[in-house]
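Computed from a predicted model, the values in this text were never measured in an experiment.
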Amino acid sequence: MNPPVILLIEGFAFIVLFGLISLLRREGLSMRFAIETVILTLAASGFCALTGYSFHPVLFLVLIYLITMRVRLLVDLGNIFAQRTRFAQAEGLYRLALRAWPDPSSRLIVQVNQSTACLQQNKLDEATSKLTEILQQAGQGYLGIKYEAAAHYNLGVAYLRQNMDARATAEFNAAIDTFPASEYARRAETALERQRRKNTSATSKEN
């Protein structure tokens, strides 16, 4: 099979595969992702056809992955710095991700992780404000269920630290309802159990 044809098949298979993954994650189909992949695929295939140069198929897949997934890769790198409490570097990477022409879904993912970093720094008002705004946009269909569950859970933690137990309980339950099989649902269940034990203990002391 001719190298240009192989690249065309790879490129369009890449679009279909990641499109299906996005649908499963309930993130919606990203036209920007599809357009970028089509442009890269046609450019590489045309270059091969005109020059006779042959891209290695694996190298081509790596290239389009790095380019189309640039925002999420920057977020993952920022999260590594945040986990190591290097928040200035993490925030710099999150801002770079927001300048890297993200689609609506990727933009919300960046914002969820920025909010998480605020929570890690105990900036509770800022985290609460950002997470509330993100969840208001979730109904537009761009925020995947994993990140929606994460936003509800982290908002619950922020409320809990502010001694707003009723709101925290509502957000933990929302995390469980959004994605019951997720790690955030399990964390929410653990947090709710702690609250129940705390309330039971307080009631026992009063009696």
Side-chain angles (χ1 to χ4, degrees), residues 17-30 33 65 69-87 89-91 93-94 97-98 102-199:
L17 176 61
F18 277 86
L20 289 173
I21 292 173
S22 295
L23 287 175
L24 290 173
R25 290 175 174 172
R26 210 191 65 185
E27 294 177 1
L29 295 173
S30 172
F33 163 79
Y65 178 82
M69 296 289 117
R70 61 192 179 278
V71 174
R72 302 192 187 206
L73 292 172
L74 286 169
V75 169
D76 289 341
L77 186 57
N79 291 343
I80 292 173
F81 281 104
Q83 290 167 2
R84 298 177 180 178
T85 67
R86 297 174 63 179
F87 296 110
Q89 292 88 341
E91 182 59 29
L93 287 164
Y94 296 146
L98 290 173
D103 58 22
S105 178
S106 296
R107 180 176 294 277
L108 286 174
I109 288 172
V110 176
Q111 292 172 351
V112 168
N113 285 279
Q114 284 181 311
S115 304
T116 303
C118 288
L119 186 60
Q120 290 172 324
Q121 297 172 79
N122 216 36
K123 297 178 180 179
L124 300 180
D125 290 337
E126 187 176 351
T128 300
S129 176
K130 287 182 176 181
L131 288 166
T132 301
E133 183 178 348
I134 289 166
L135 288 169
Q136 288 173 349
Q137 301 176 60
Q140 299 174 11
Y142 293 117
L143 186 62
I145 56 174
K146 171 186 173 182
Y147 294 99
E148 185 176 347
H152 280 299
Y153 170 75
N154 287 326
L155 184 55
V157 172
Y159 281 141
L160 197 61
R161 291 181 184 176
Q162 297 175 83
N163 297 315
M164 302 169 72
D165 291 359
R167 289 189 178 184
T169 298
E171 293 302 328
F172 290 144
N173 282 319
I176 296 168
D177 292 339
T178 300
F179 193 0
S182 68
E183 62 174 305
Y184 301 104
R186 291 192 290 272
R187 293 179 186 178
E189 289 171 350
T190 300
L192 288 171
E193 182 60 30
R194 287 174 182 166
Q195 282 186 287
R196 291 190 196 100
R197 291 177 181 175
K198 178 182 176 182
N199 293 336

Check [X] against [Y] and note the closest heavy-atom contact, atom names and distance.
X      : Y      : value
Thr128 : Ala158 : OG1-CB, 3.6 Å
Ala168 : Gly156 : CB-O, 3.3 Å
Ala188 : Ala175 : CB-CB, 4.2 Å
Ala149 : Thr178 : N-CG2, 3.9 Å
Ala181 : Arg186 : O-NH1, 3.2 Å

Quick one: [atom1] on [X] to [atom2] on [Y], what's the gap to the nearest 0.5 Å?
X      : Y      : atom1 : atom2 : value
Met69  : Leu74  : CE    : CG    : 12.5 Å
Leu124 : Leu155 : CG    : CG    : 11.0 Å
Leu119 : Lys130 : CG    : NZ    : 11.5 Å
Gln120 : Asn154 : CD    : CG    : 8.5 Å
His152 : Ile176 : NE2   : CD1   : 11.5 Å
Tyr159 : Leu131 : OH    : CG    : 9.0 Å

Validation row: [X], [Y] side chains within 4.5 angstrom (heavy atoms):
X      : Y      : value
Pro102 : Val110 : no
Leu73  : Leu77  : no
Leu98  : Gln114 : yes

Practice problem: Please determine, by modelled atom types, if Tyr94 and Asn79 share a side-chain donor-acceptor pair under 3.5 angstrom. | Solution: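 A pair is found: one side chain offers a donor N or O, the other an acceptor, under 3.5 Å apart.
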Quiz item: Strictly by modelled atom types, are Ser106 and Asp103 linked by a side-chain donor-acceptor pair under 3.5 Å?
Solution: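 Yes, because at least one side-chain N or O of Ser106 sits under 3.5 Å from a partner of the opposite role on Asp103.
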Practice problem: Walk me through it: do Phe172 and Tyr153 pass the test ring-ring contact (aromatic ring centres under 6.0 Å, His included)? | Solution: CA-CA 5 Å; Phe172 290 144; Tyr153 170 75; 5.7 Å; yes
Exercise. Quick one: do Gln137 and Gln111 satisfy side-chain contact (heavy atoms from CB on, under 4.5 Å)? Show the steps, please.
Key: CA-CA 11 Å; Gln137 301 176 60; Gln111 292 172 351; 4.2 Å; yes
Quiz item: Please walk me through it: do Gln195 and Leu192 pass side-chain contact (heavy atoms from CB on, under 4.5 Å)?
Solution: CA-CA 5 Å; Gln195 282 186 287; Leu192 288 171; 3.6 Å; yes
Self-check item: Donor-acceptor pair, side chain of Thr116 and main chain of Val112, under 3.5 angstrom
Solution: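 Here the side-chain-to-backbone pair exists.
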Quiz item: Where the side chain of Ser182 meets the backbone of Phe179, is there a donor-acceptor pair that is under 3.5 Å apart?
Solution: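 Pair found, side chain donor or acceptor close to backbone of Phe179.
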Mark yes when over 12 heavy atoms from residues, nucleotides or ligands other than [X] sit less than 6.0 Å from its [atom1]; otherwise mark no.
X      : atom1 : result
Glu133 : CD    : no
Arg194 : CZ    : no
Arg167 : CZ    : no

Quiz item: Between Tyr147 and Leu108, is a side-chain contact (heavy atoms from CB on, under 4.5 Å) present by the stated rule, with each step listed?
Solution: CA-CA 9 Å; Tyr147 294 99; Leu108 286 174; over 6 Å; no
Practice problem: Take Asp76 and Ile80, measure what side-chain contact (heavy atoms from CB on, under 4.5 Å) needs, and give me the verdict at the end. | Solution: CA-CA 6 Å; Asp76 289 341; Ile80 292 173; 5.8 Å; no
